[in-house]
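So the structure is just underneath, and the comments pick up after that.
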Amino acid sequence: MAAKKVIETKKLSKVFKNGEIEVHALTDINILIEDGEFVAIMGASGSGKSTLLNILGCLDKPSDGEYFLDGVFVNNLNKNQLAAIRNQKIGFIFQSYNLLPRTTALENVELPLVYNRTGEFLNPSEHAKKALEKVGLGNRIYHKTNQLSGGEQQRVAIARALVNNPALILSDEATGNLDSKASIEVADLFVKLNDLGKTILMITHESDIAQFAKRLIYLRDGRVLTDELIKNRSTKESAIRELGLTE
Amino acid sequence: MRQLFKTFKVAFKAINKNRSRSLLTVLGIIIGVGAVIMTISAGEGANKQVQDQISGLGTNLLMIYTKMEHRGGTHVRLGRPIDKKDFDILQKNSVWISKLSPLVNIGAQAVGPNGYKSTVVYGVNHEYFDILSRELFSGDYFKEEDVKLANKVCVIGETTREELFVDLDPIGRQIRLDKIPFTVVGLLKEEGQGAMGQDQDDIILAPYTTIQDRLIGHRRGYDMIMASAINENTVSDAKIEASELLRESHKIRDFEKDDFDITTQVELQEITGNITGILTILLGAIASISLIVGGIGIMNIMLVSVTERTREIGTRLAIGARESDILTQFLIEAVVLSLAGGILGTVLGIVGNHIIYKLTNFYIPTAPYSIMIGFGFAALVGIAFGYFPARKAAKLNPIDALRYE
Ligand SMILES: Nc1ncnc2c1ncn2[C@@H]1O[C@H](COP(=O)(O)OP(=O)(O)OP(=O)(O)O)[C@@H](O)[C@H]1O
Ligand SMILES: [Mg+2]
């Protein structure tokens, strides 16, 4: 099967310099992620997960090594081109949602389209409504951010990450602020989106959430420790059953 | 272009989200623009009033007087005073001058049937009234005859009448000027305040010959000769002509300076125009300071706003906003705020002018250019003081901005 490569890194490294002190946050990362994959990234705190995701999300540049996103050699791009890539090829989801305060769900989801210069999305609110329906918030379109629960806010953020129809969805501890039930809902939403063909890369601390993915990359001290397929994937049902047992 | 329109929408939404803060931000600009408009208009209004009064003097007016020089703290007369000889030469030879009147003045105690006052008495001839276009309310002017015979007659203004006669009709009655009785033959029509703020109705006019004989005690020299040119287009010709005649009369050689001055009404207008102009600029400048303070207010609030919205900016950058998008958004916010301030300030200025008119009767037409200055300045302040915060926002590193607590 010759699936399309969405992410390819070659000897990717990141060194933070703070005066005299150098932090080797990432060292020689080689990963290949193909279209339609669902990858979880785990690792201890400080192992470089967020650093990796920021580089893959074109928010940061590597100190060394090469990065190809959807066939584009990212290293050479200037700021505006990176902004365009973030806008068109990537959907970002953060632990703290990062929604605009006192703004409706709809307007939040429309936001990436405001900065879209391709002219593809002529009717932003239609696209935004569809994205909100996909995450099950069709009935919360005009709720303001502060009128939504944490889980709902995160689903708005996921809708925002979907609205531009990106090649890649990146999530940095999307379930970090949520309780177990809401975390399972979000993980299940990822599974459904992946079933629809979306390529997803998610960082998580919780191994039961990681079990929803198809593949698990484990980082330690900025290097890939293990990279393997997950055999017994969780489903929403199995996870809820387990939740019931522990309670 | 479409992107700019979208950014406009974003900026308006942001302003709308922070309505009360936006209003406070704008307050400084409102007051600043209002102040600029009101002060400039007041200056213009004052200027117009002064100019109108000078025009009221008669556009043909020339004033010829002895040159005074400031020496060692006192005014010293240069050369010969203007006198009867000069007057006669001008009267006989001048082509461009149609009417002439000497003017002498002296302080005197004036006593009427119902009051008294210390005042200045002016000695003029019968043509004076024409030169300055002073009209009568009742009675008559004194005549050439009265001047020739040095009759003890006078014409007074309304303020003087009120003080000396209260409710009596002054015509035909007597007043005493330094104990010398004068018969009032005419009462002048009210004129109001003069160009320099003096009351033009507080006046006593008598034949200059009488004043010289009875009050001054000699017939040497005049304080001034007032003249009017045949029409307003010949004022400068009249001035040149009078100057030549007087130089000849005073035997001034070619290399010597005049020992007299001739001021025309046009020059007077220019001088006072300059003075009130400087006043307007000064007032406007002071008012502009409040605009700058308003601008600093905008900058301050925008900086706070950028800090407060750091995460929002990070989010926008993360989902694909360019630096220029953020820069424009914040610039538009600043400019829209200051323009809104400009509009409200203009309203404030116009309403303020109207209120002043209602309260003091001092009519201030709102000068259109003051609105333009106020507005332009407001926009400039918005861009100038909005740029720094906007740039700060645009230069944020998205990762740091997203992490900002
Ligand atoms: N801007 C920075 N400057 C200096 N050092 C940094 C910077 N960002 C991250 N680091 C360092 O790089 C290393 C990796 O950080 P990173 O945030 O990627 O870890 P993480 O795996 O996401 O941890 P966590 O699970 O706690 O989020 C850490 O040692 C961190 O201190
Ligand atoms: Mg992290």
Side-chain angles (χ1 to χ4, degrees), chain A residues 14 16 25 50-51 53-55 57-61 78-104 107-119 121-122 124 144-146 156-157 159-164 166 170 172, chain B residues 1-23 304-333 336 390-405:
Chain A
K14 181 73 183 179
F16 291 109
S50 294
T51 307
L53 204 79
N54 287 340
I55 293 173
C58 299
L59 283 170
D60 206 354
K61 290 206 159 193
N78 66 28
K79 279 186 178 178
N80 283 349
Q81 289 168 321
L82 288 174
I85 289 235
R86 290 200 293 271
N87 187 250
Q88 291 155 32
K89 292 193 188 283
I90 295 168
F92 249 110
I93 301 157
F94 307 94
Q95 178 173 351
S96 45
Y97 327 133
N98 284 331
L99 299 176
L100 300 191
R102 285 165 288 141
T103 306
T104 61
E107 281 178 275
N108 264 294
V109 175
E110 279 177 19
L111 202 58
L113 305 183
V114 167
Y115 297 109
N116 190 297
R117 289 170 155 85
T118 60
F121 301 90
L122 286 178
K144 297 207 168 154
T145 326
N146 48 331
V156 173
R160 185 179 65 190
L162 286 174
V163 75
N164 52 352
L170 299 175
D172 194 346
Chain B
M1 202 55 222
R2 195 168 64 219
Q3 194 58 37
L4 192 67
F5 176 69
K6 288 194 216 165
T7 312
F8 254 99
K9 269 180 32 185
V10 170
F12 273 102
K13 275 183 195 163
I15 291 171
N16 198 29
K17 289 254 147 60
N18 301 292
R19 243 167 290 159
S20 59
R21 187 172 67 191
S22 303
L23 195 72
V304 171
S305 166
V306 167
T307 312
E308 222 175 66
R309 285 151 70 188
T310 299
R311 283 182 80 114
E312 176 193 324
I313 295 163
T315 308
R316 287 177 187 276
L317 289 169
I319 62 174
R322 292 181 184 181
E323 278 182 16
S324 59
D325 291 331
I326 304 290
L327 183 80
T328 341
Q329 177 192 333
F330 277 82
L331 259 188
I332 291 173
E333 279 184 37
V336 165
R391 216 183 89 96
K392 197 182 162 207
K395 287 288 172 198
L396 283 174
N397 177 329
I399 299 169
D400 295 341
L402 282 169
R403 279 212 192 123
Y404 186 85
E405 295 299 322

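Only this structure's heavy atoms are used, side chains among them; waters, hydrogens and symmetry mates stay out. Naming: A, B, ... by sequence-line order, numbering from 1 per chain.
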Problem - Best-contacting candidate, Ile399(B), Val10(B), Leu317(B), against chain A by heavy atom pairs under 4.5 angstrom - result: Ile399(B)
Exercise for the section: Measure Leu113(A) against the heavy atoms of chain B and call it side chain, backbone, both or neither at under 4.5 Å. Expected result: backbone
Exercise for the section: Could you tell me which portion of Leu100(A) (side chain, backbone, both or neither) has an atom closer than 4.5 angstrom to a non-hydrogen atom of chain B? Expected result: side chain
Give me the atom names and distance for the closest heavy-atom approach of [X] to [Y].
X	Y	value
Val109(A)	Pro112(A)	O-CD, 3.1 Å
Ile85(A)	Cys58(A)	CG2-SG, 3.8 Å
Pro166(A)	Gly91(A)	CB-N, 3.7 Å
Ile93(A)	Ala157(A)	CG1-O, 4.3 Å
Ala11(B)	Ile332(B)	CB-CG2, 3.6 Å

Between chain B and chain A, which N or O donor and acceptor atoms come closer than 3.5 Å?
residue   : atom : partner   : partner atom : Å
Gln3(B)   : NE2  : Val114(A) : O            : 3.0
Lys6(B)   : NZ   : Leu113(A) : O            : 3.3
Lys6(B)   : NZ   : Val114(A) : O            : 3.3
Lys6(B)   : NZ   : Asn116(A) : O            : 3.0
Lys13(B)  : NZ   : Glu107(A) : OE2          : 3.2
Lys17(B)  : O    : Arg102(A) : NH1          : 3.1
Lys17(B)  : NZ   : Thr103(A) : OG1          : 3.4
Arg311(B) : NE   : Asn98(A)  : OD1          : 3.1
Arg311(B) : NH2  : Ser96(A)  : OG           : 2.4
Arg311(B) : NH2  : Asn98(A)  : OD1          : 2.9
Arg316(B) : NH1  : Tyr115(A) : OH           : 2.8
Leu317(B) : O    : Arg86(A)  : NE           : 2.9
Leu317(B) : O    : Arg86(A)  : NH2          : 3.0
Ile319(B) : O    : Asn87(A)  : ND2          : 2.8
Glu323(B) : OE2  : Lys79(A)  : NZ           : 2.7
Asp325(B) : OD1  : Arg117(A) : NH2          : 2.8
Asp325(B) : OD2  : Arg117(A) : NH1          : 3.1

Problem - Rounded distance (nearest 0.5 Å) linking atom CD1 of Ile326(B) with atom CG of Leu396(B) - result: 8.5 Å
Handout entry: Worked check of side chain to side chain contact (heavy atoms under 4.5 Å, CB included) between Phe121(A) and Val163(A)
Key = CA-CA 10 Å; Phe121(A) 301 90; Val163(A) 75; 6.0 Å; no
